[in-house]
Amino acid sequence: MLIPLGILATAGAGGGGAYEWIATAAGDGTTTSTLTLSSIPSDYKHLQVRYFSRSTANTGTFSMRINGVTTSSYARHELIGSASTTSSTNSSSQTSIQYLLGTAGSGAPGQSYRGGVIDIVDYTSTSKNKTVRALYGGADNTQTTKVALLSGLFLDTTAITSLSFIVGSGFFEGDTRFALYGMRG
Amino acid sequence: MPTTTYTPLANITLGTAASSITFGSIPATYRDLIVIFVGAGSTTLEGRIRLNGDTGANYEYQRLSGNGTTGSAAFATSQTSGFLSSIAQATTTSSLQMTINLCATNIARRKVIVSRADNAANGTDAIVNQYTGTVAAITSIQILTSTGNWAIGTTAALYGVIA
């Protein structure tokens with residue numbers, strides 16, 4: 001059997017209990033401007049979030065915060081393809097990790113969402129700052145299309161116990177899902 | 001209570017060169033489906049994908065590619081298949097690896113596919129596809145070539161992930 005990879009290669013993952021669904025936070029279209037995955041157990045080696053998202057407002061952005069930290073503790077780099085343009089961006093001293101154009105907005109065709117896979121490596125370490133990496137985007141063509149490779153940094157050595165996803169405007173639509181998985185190692 | 005997932009559903013290895021690999025009768029139990037592909041082509045080709053046997057102009061994609069010299073991007077709409085790999089694949093010894101994540105496959109929304117294609121000898125792609133056909137659950141996935149065949153020994157494995 002092939003070793004399942006997703007984004008992250010984990011030796012022996014899949015099949016035998018090494019990859020577990022922990023929790024899902026879901027949008028409802030009326031109250032969910034923030035979706036939080038909390039009380040994350042500490043007995044995994046790495047985390048993965050798989051998301052599918054649409055906003056009720058005409059915004060394409062959501063942000064991620066770790067452990068509820070709202071201070072300037074985040075940085076990110078991105079490699080982006082949008083239409084026929086390639087680009088690279090970076091930002092530091094941020095109050096969250098932004099996923100620009102990471103969600104479909106109300107201007108997208110009906111039934112259109114955006115999605116991605118987010119990996120967080122060695123999330124329980126108390127000696128390392130935390131690294132986030134993601135592959136995400138959308139090809140719904142009434143909004144700016146985008147595919148991106150993102151590298152994020154949380155400048156904090158505290159073990160991760162919660163992840164919050166905050167929509168840029170409006171609410172996360174129904175059928176929006178941020179699902180959390182743990183990988184043993 | 002955490003639940004073991006990433007369930008192996010099918011594993012196909014080509015004993016004969018073929019222009020496509022198809023996973024059918026996929027149960028609607030899983031929120032996400034993942035295909036792990038390792039193979040080679042009989043000629044220079046693109047990797048493509050179809051869902052539920054739909055050959056209509058119901059796919060659109062945004063890609064980001066690098067060939068070792070140049071980075072490029074492209075958006076296309078009204079395609080008759082989704083796009084998985086721009087990498088020229090001309091030999092049977094040079095392997096192409098693709099990780100294909102199909103999101104929300106059992107939810108009545110348009111399907112989103114985020115994927116990577118990697119071949120150290122030729123290049124790399126990051127791609128997002130949207131399927132604009134039926135919002136019904138995905139019951140079949142076809143990994144096909146734009147021309148020519150996948151080579152003997154090409155392998156594809158399908159996994160289901162609950163949420």
Side-chain angles (χ1 to χ4, degrees), chain A residues 1-7 13-24 26 41 43-44 50-52 54 79-88 104 108-117 134-141 145-149 173 175 177-183, chain B residues 1-8 11 13 31-32 34 36-38 59-66 70-78 82-83 97-99 101-105 107-116 124-132 135 155-157 159 161-163:
Chain A
M1 186 180 77
L2 290 176
I3 297 173
L5 292 176
I7 295 291
Y19 186 97
E20 296 181 353
W21 171 45
I22 300 170
T24 296
D43 52 349
Y44 299 99
R50 307 179 71 87
Y51 85 85
F52 183 72
R54 183 182 175 106
L79 181 62
I80 298 163
S82 182
S84 60
T85 302
T86 60
S87 62
S88 182
Q111 311 297 341
S112 289
Y113 284 58
R114 293 192 170 193
V117 181
L135 168 62
Y136 74 95
D140 43 284
N141 67 348
T145 60
K146 177 181 182 181
V147 62
L149 296 165
E173 276 281 11
D175 286 333
R177 297 286 189 274
F178 288 83
L180 177 67
Y181 302 87
M183 283 169 276
Chain B
M1 178 70 178
T3 304
T4 297
T5 184
Y6 219 123
T7 304
N11 200 328
T13 299
R31 175 183 173 274
D32 286 4
I34 301 164
I36 307 296
F37 174 103
V38 180
Y59 305 84
E60 50 197 18
Y61 67 81
Q62 171 69 59
R63 68 167 177 83
L64 170 65
S65 305
T70 306
S72 65
F75 170 69
T77 187
S78 300
F83 191 92
Q97 195 271 319
M98 298 192 289
T99 303
N101 296 278
L102 299 96
C103 305
T105 59
I107 295 174
R109 302 290 187 181
R110 287 181 170 179
K111 307 304 181 269
V112 174
I113 305 168
V114 290
S115 63
R116 284 276 305 267
T124 188
D125 297 286
I127 302 163
V128 61
N129 282 271
Q130 180 175 236
Y131 173 58
T132 60
V135 298
T155 303
Y159 300 88
V161 176
I162 62 172

Return the [atom1] to [atom2] distance between [X] and [Y], rounded to the nearest 0.5 Å.
X        : Y        : atom1 : atom2 : result
A:Thr24  : A:Arg50  : OG1   : CZ    : 11.5 Å
A:Asp175 : A:Arg54  : CG    : CZ    : 11.0 Å
B:Gln97  : B:Thr155 : CD    : OG1   : 11.5 Å

Which bit of [X] comes within less than 4.5 Å of chain A, counting heavy atoms only: side chain, backbone, both or neither?
X        : value
B:Thr77  : side chain
B:Ile113 : neither
B:Ser115 : backbone
B:Ile162 : both
B:Ala76  : neither

Practice item. Indicate the ring-plane relationship of A:Tyr19 and A:Tyr181, choosing parallel, tilted or perpendicular according to the 30° and 60° boundaries. Key: parallel
Looking only at heavy atoms, what is the nearest atom pair of [X] and [Y], with distance?
X        : Y        : answer
B:Thr132 : B:Tyr59  : OG1-N, 4.1 Å
B:Arg63  : A:Val147 : C-CG1, 3.8 Å
B:Phe75  : A:Asn141 : CZ-CB, 3.1 Å

Study note, to complete from the structure: Honestly, the part of A:Phe178 sitting under 4.5 Å from a heavy atom of chain B is neither
In terms of heavy-atom pairs under 4.5 Å with chain B, which of [options] leads?
options                              : answer
A:Ala23, A:Gly138, A:Gly116, A:Ser87 : A:Gly138
A:Leu149, A:Ile80, A:Thr145          : A:Thr145
A:Gly137, A:Ala83, A:Pro41, A:Ala179 : A:Ala83
A:Tyr113, A:Trp21, A:Tyr51, A:Phe52  : A:Trp21

Practice item. May I have the step-by-step check of side-chain contact (heavy atoms from CB on, under 4.5 Å) for B:Asp32 and B:Asn101, ending in yes or no? Key: CA-CA 7 Å; B:Asp32 286 4; B:Asn101 296 278; over 6 Å; no
Revision key, fill the gap. Chain A shares the most heavy-atom pairs under 4.5 Å, among B:Lys111, B:Arg109, B:Arg110, B:Arg31, with B:Arg109
